[in-house]
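Throughout, protein chains are lettered first and strands after them, A, B, ... in sequence-line order, and every chain is numbered starting at 1.
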Amino acid sequence: MERRFIIIDGSSLMYRAFFALPLLTSSEGIYTNAIMGFSNMLGKILTDYKPELIAVAFDKSRKTFRTDMYEAYKGQRAKTPDELKSQIPLLQEFLAALGIAFIEKDNYEADDIIGTLAKKSASEGYEVLIVTGDKDALQLIEPQVKVMLTRRGIMDMQIFDEEAFKEKYAGLEPKKLIDIKALMGDSSDNIPGVPGIGEKTALKLLTQLGDLENLLDNIDEVSGKKLKEKLEENKDLARLSYKLATIFCDVDVNFVPDEYKIAPDILKLQAFCDKYELKTVLNRMKKIFADEFKSDSEEELTLDFSANEMPQYQILNIDNIDEFKNDIKVQGKCSILMQTEGKVPDVNIKLMAICVSDKIGILKDDFALVNDILADENIIKNVYDVKSFYHAGLNLAGKINDVLLMAYLLEPAKRSYEMNVIRQIAEVEETTDYEQLKDEEKIAYDIQHLDEICKTLQEKLKDMQMDKLYQDIEFPLAKMLSDMEMVGIYINEAKLDEMNAQMNSELNLLEQDIYGLAGEMFNINSPKQLGEILFVKLGLPALKKTKTGYSTNAEVLENLIYAHPIISKILDYRLLNKLKTTYLDGLKALINPTTKRIHTTFNQTVTETGRLSSSEPNLQNIPVRTAEGKKIRSLFEPGEGYDQILSADYSQIELRIMAHMSEDKHFLEAFRNNQDIHQATAAQVFNVPIDEVTPQMRSRAKAVNFGIIYGISPFGLAKNLHISPKEAGEYIDNYLRECSGVKQFMEKIVQQAHEKGYVTTLFGRRRYLPAIKSRNFTQRSLAERMAMNTPIQGTAADIIKIAMNRASDAIKKAGLKSRILLQVHDELVLEVVDKEIEQVSEILREAMQNTAKLKVPLTIDINYGKNWAEAK
DNA sequence: TACGTCACG
DNA sequence: ACGTACGTGACGTAC
């Protein structure tokens, strides 16, 4: 057995747990959310790591509460320090019942105790895992000491060993965290650091000169005059910071293994949980310590499990699978769930559950046993997230009900569609404390009601007339998206590296120029520091404020461009820095080492309008508008065996949909005659012949057309055109008077939203807008603009989704090698071979232009070239 | 975690 | 008097 010692930072984890959960109270009014969160975390660690020894360290001073956090806390009444402190005795009581050592020492922080214990136990051969929410502890990492950090909330953990640390901190050793802190400081720990040095500079200096002492001895070697001065002036402060940042590993605590063995006392635990009404905590702990408790009190244990209605399941294998399959064939349907691991295109199945009638089976390794069931087109399958099945290489046939996609269509405004959310959408009650279950139990629990959930969701879809939307659009699209994701897109890494080096040197020059013009070093990336420099030190006029300070966005800066030479440098710096960090660094990190391609995720259940979104990386916002940006786009090239990147994009699809829906006669006519729509609009609203429309008139008309799509308002248009709201209002009035069809349509759609509470697309996709009844002007106005925009944006999304399905089928049917790689809302991007270009173009025209029979034609433009930038 | 900023349609 | 153009995702800073 492994000798594993887990040391928990009680202070920081209580604090995290306190914030992660809503404020809970027992009926006697005692706060219990921190203890609840803490016990969840403890339970998970005990189950996952089964440590031999465990200890919880605490700050004796208990000054573990930063006022800034709870003041900023939103969504409910702010939590107070007293509410946290009152839960500390509960934690002590809880740990005493579990027989877990609780250590605190006068004048020492939890970190110091942890450091000391880690050092001593490691030297006696223990594998140490420190669990904390405080990054400081990373300096304690050694070959035998790892640190587990909580990220968001408390249950999301990340383990750091030496390697992981180096990856995060520019290859530096964990011990160097102290040197980093000594330079950059830490406001939350009251470590001053050297003013003007942030993480970026600290890492650069330490990579160059090793450690703080060596750096302070060799300040000459540092580049940048200002930086040198700063270091020179603040030597003592840096040394003091170093001391403050160092965790003291020589506290007077002895490491006696026996003191840290876990010795739970069932009666005490029961009394504790009864007193504070922590039933789920008791159940969880009983399950974990089932063996210990069995000998003591058999009865308690049976009582315990009757509290939860857990499904019974069997582990399936070659010997018992046939009976299961027989049942499925007789029923003609089954439910299948799985858990996967790995990233596209290397996805493996971790766990699979299969359910027929009330029988639940779990497969742990030989997943191929059910391949014939999956491929049987006579068997209906209920699943969750069909795209992940395709990712795992499974061949699915027969009617597939994906509860994820169905739930999204029913309620597209949900932030997530975990199974518990879907149960709620299907109005199926949860009969257990779901979050407390282990993986295997969760999947068994999820699958037992899947058929019932599915039936409800299907009925709802049918009632709302969205069953076709599921069957004809969203479900087939999942396969298409999976194919695109797995194929990925090739990016020229050598060119990317070259561009990165080039941008780095340009950024360094700009940085120096900016520091020179400002007269000091500061963090250009910090809007706060930048605002201070521009509007206080340099005394430039502050034109706009944000809720936290001065606004420094591009619009503000452009207005100041003649006021000071620093402004244009900052704009250039921002542009280049954005391109480098988001695109060059961001894309490089996501190149798959095996395929050398980038595999984005197309999210099918994110937007409220029905659009797709793309993430990790987002390939729907690759630069195109500036010359510098186009260089990034030019990195995307056809992969091996392909000749060109081809782009097919809809021309003015949203305005065409608006024309169709509103039946405005001017728009219908302009599109039917294939006119330049903005020019035609200008002629109409400015009442001039079409060939007398000036470029300015056209660009104003264009802005108004955009405004119409977004849900027009004088303020928005005024801002966009840099005119007064009054003047903008006149434009709008004029426009709506001339285009009365548009006006009627917009009024009708807002009225419909009021009456029904939702708006729909041409294909029946629905978006609820409850705020439309709000008495708050801002919220109601926003809902009204959404009511106008969603049918247009959403219909465009429906149309391109259908087109993708059709195009993909046609390409497959024609047996072509060319393939679709990306969708960018109104554009499809393909890699093609030269000899197929004509045929592919023909297929795309047919698939995209004839998707929907609108009252105006839908047209596409096709372009191709040696890279994505040239396919324009 | 929240905010500001900026990339795209 | 109020105070916004619609829909996204990623990065960096500061809290």
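Annotation: cation-pi geometry satisfied between A/Lys545 and A/Tyr550 (NZ/CZ under 6.0 angstrom from ring centroid, within 45° of ring axis).
Residue contacts for A/Glu608: at a heavy-atom cut-off of 4.0 Å it reaches the sugar-phosphate backbone alone, with no base atom in range. Within 4.0 Å of A/Ala797, counting heavy atoms only, lies no atom of the nucleic acid at all. A/Asp826 comes within 4.0 angstrom of sugar-phosphate atoms only, judged by non-hydrogen atoms across all strands, and of no base. Note on A/Glu827: nothing from the nucleic acid sits closer than 4.0 angstrom, heavy atoms only. No contact: A/Leu612 has no heavy atom under 4.0 Å from any strand. Among the atoms of the strands shown, base atoms are found under 4.0 Å from some heavy atom of A/Ala703.
The C1' atoms of C/dC2 and B/dT5 are separated by 26 Å, rounded to the nearest whole Å. Here, B/dC6 and C/dG3 have their P atoms 24 Å apart, quoted to the whole Å.
Shown for residues 567-586 of chain A: residues whose heavy atoms fall under 4.0 angstrom of DNA chain B, namely A/Arg574, A/Leu575, A/Lys578, A/Tyr583. Contacts between residues 771-792 of chain A and DNA chain B, defined by a heavy-atom separation below 4.0 Å, involve no residue at all.
Annotation: the span from A/Leu830 atom CG to A/Met484 atom CE amounts to 9.0 Å, rounded to 0.5 Å. Within the model, atoms CG of A/Leu557 and NZ of A/Lys544 stand 10.5 Å from one another, a figure rounded to the nearest 0.5 Å. Between A/Leu534 atom CG and A/Ile566 atom CD1 the span is 6.0 Å, to the nearest 0.5 Å. Here the CE-CG distance, from A/Met661 to A/Leu762, works out to 5.0 Å after rounding to the nearest 0.5 Å. Between the CZ atom of A/Arg700 and the OG1 atom of A/Thr681 there is a distance of 15.5 Å, given to the nearest 0.5 Å.
Applying the 4.0 Å criterion to OP1 and OP2 of C/dC11, one finds that A/Asn525 has every side-chain N and O outside that range. A sub-4.0 Å separation between OP1 or OP2 of B/dC8 and a side-chain N or O of A/Arg633 is absent. Taking side-chain N and O atoms only, A/Arg611 has no distance below 4.0 Å to OP1 or OP2 of B/dG9.
Residues A/Ile708 and A/Tyr735 form a side-chain contact, since some pair of their non-hydrogen atoms from C-beta on lies under 4.5 Å apart.
Between A/Ile732 atom CD1 and C/dA5 atom C1' there is a gap of 10 Å when expressed in whole angstrom units. One interatomic measurement links the two molecules: CZ of A/Phe522 to P of C/dG12, which rounds to 17 Å at whole-angstrom precision. When the P atom of B/dC3 is taken as reference, atom NZ of A/Lys545 falls 17 Å away, rounded to whole Å. In this structure, A/Asn523 places its CG atom 17 Å from P of B/dG4, rounding to the nearest Å. Going from atom NZ of A/Lys801 over to atom C1' of B/dG9 covers 15 Å, rounded to whole Å. The CG atom of A/Leu587 sits 13 Å away from the P atom of B/dC8 (whole-angstrom rounding).
Between C/dC15, C/dA10, B/dC3, one nucleotide has an atom nearer to the side chain of A/Lys528 than all others, and that is C/dC15. With C/dG9, C/dA14, C/dG7 as the candidates, the nucleotide lying closest to the side chain of A/Ser526 is C/dA14. Of all nucleotides listed (C/dG9, B/dC3, B/dT5), B/dC3 comes nearest to the side chain of A/Lys547. Listed nucleotides: C/dG7, B/dA7, C/dA14. Nearest to the side chain of A/Pro623: B/dA7. Residue A/Asn618 places its side chain closer to C/dA10 than to any other of B/dC8, C/dG7, C/dA10. The side chain of A/Asn621 lies closest to B/dA7, out of B/dT5, C/dA5, B/dA7.
Using Watson-Crick or G-U wobble geometry with both donor-acceptor distances under 3.5 Å, B/dA2 finds its partner in C/dT13. For B/dA7, the paired base is C/dT8 (Watson-Crick or G-U wobble, both distances below 3.5 Å).
Residues A/Asn867 and A/Ser634 have side chains that never bring a donor and an acceptor to within less than 3.5 angstrom of each other. A/Thr132 and A/Ser12 share a donor-acceptor pair across their side chains, judged by distance under 3.5 Å alone. In this structure, a donor-acceptor pair under 3.5 Å is absent between the side chains of A/Glu616 and A/Thr601.
A/Tyr768 is linked by a side chain to side chain contact (heavy atoms under 4.5 Å, CB included) to A/Met464, A/Tyr758, A/Arg766, A/Pro770, counting only residues two or more places apart in sequence or in another chain.
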